[in-house]
Each structure stands twice: as structure tokens, then as C-alpha cells.
K.L.:
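Below is one structure. I have some questions about it.
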Amino acid sequence: MKKEEIKELSIQELRAQIEASEKAYRELKVAHAISPIDNPSKITKDRREIARMKTVLRQKELAAKAETSEVNN
């Protein structure tokens, strides 16, 4: 998933995507521990993608929090 695609997702969609990606990542790690996978760099790519999604999620949460505090003032 590209950065632009990640930024277009809503907070709920991001949370769901992160959960699904983390589950797939854990399964990939277990599969690699049992028998080496064809492309071990996929593990690194998946981990970085999860980190990107978490970063965007945090940015959106902070922006939403700042928005609500501005409205209350």
C-alpha cells in the first residue's frame, strides 16, 4: 500500500488495516521460522508498512484531538 493510499483511509479503516497486517505479519514470521520463505525481505517490508500505518493513524488522532480542543475553546 502506498503512502497516499494510507493517508486517504479513515481512522477506523486504518485500525482495521493495521490489525489485519499485524496478523499476516505474525503468520509470516512463524512460517519463516518453520521453513524459510522465498522472499525474506517481505518480512521487513511488511513491518515498515505497519509502522507507516501506525504513524499516519497517530497523526490523524492528534489532528482530531487538536480539532476538538479548538472547538471547545
Side-chain angles (χ1 to χ4, degrees):
M1 185 177 284
K2 295 183 180 179
K3 291 178 190 177
E4 295 80 24
E5 294 172 347
I6 293 172
K7 289 180 181 180
E8 292 174 2
L9 297 174
S10 69
I11 292 176
Q12 294 81 12
E13 291 171 332
L14 267 172
R15 286 186 180 139
Q17 185 66 35
I18 289 170
E19 186 177 319
S21 294
E22 285 179 335
K23 182 179 182 210
Y25 172 74
R26 285 191 302 271
E27 290 173 358
L28 187 63
K29 289 279 288 182
V30 170
H32 183 63
I34 294 170
S35 66
I37 58 174
D38 294 336
N39 188 5
S41 66
K42 180 161 176 26
I43 295 171
T44 304
K45 289 177 185 174
D46 287 354
R47 186 177 66 241
R48 288 181 180 170
E49 184 176 320
I50 291 168
R52 274 189 206 101
M53 287 189 281
K54 285 183 176 182
T55 300
V56 171
L57 175 64
R58 182 69 178 146
Q59 289 171 345
K60 287 184 180 224
E61 288 173 342
L62 289 174
K65 184 178 179 182
E67 202 173 276
T68 57
S69 67
E70 287 178 6
V71 171
N72 292 335
N73 289 334

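Just so it is clear, the structure is predicted and the values come from calculations on it, not from any experiment. Here, residue 1 is the first one in the sequence, and each next residue gets the next number.
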K.L.:
Residues two or more places apart in sequence or in another chain: which of them pass side chain to side chain contact (heavy atoms under 4.5 Å, CB included) with Lys54?
P.N.:
Ile18, Glu22, Ile50

K.L.:
For Arg15, give me all partners under salt bridge (Lys or Arg N to Asp or Glu O under 4.0 Å), at least two apart in sequence or on another chain.
P.N.:
Glu61

K.L.:
Please, which pairs that meet side chain to side chain donor-acceptor pair (under 3.5 Å) have at least one residue in residues 25-35, sequence neighbours excluded?
P.N.:
none

K.L.:
Compile the donor-acceptor pairs under 3.5 Å between side chains in residues 41-49 and protein atoms, sequence neighbours left out, one pair per line.
P.N.:
residue : atom : partner : partner atom : Å
Ser41   : OG   : Asn39   : OD1          : 2.6
Lys42   : NZ   : Asp46   : OD1          : 3.1
Lys42   : NZ   : Asp46   : OD2          : 3.2

K.L.:
List the residues meeting side chain to side chain contact (heavy atoms under 4.5 Å, CB included) with Glu8, not counting sequence neighbours, and say none if there are none.
P.N.:
none

K.L.:
To the nearest 0.5 Å, how far apart are NZ in Lys7 and CG in Leu57?
P.N.:
14.0 Å

K.L.:
Considering only Ile, Leu, Val, Met, Phe, Trp and Tyr, and joining two whenever side-chain heavy atoms are under 4.5 Å apart, list the other residues clustered with Ile34.
P.N.:
Val30

K.L.:
For Lys2, check side chain to side chain contact (heavy atoms under 4.5 Å, CB included) against everything at least two apart and list the hits.
P.N.:
Glu4, Glu5

K.L.:
For Leu9, which residues count as a side chain to side chain contact (heavy atoms under 4.5 Å, CB included) partner, sequence neighbours excluded?
P.N.:
Met1, Glu13, Leu14

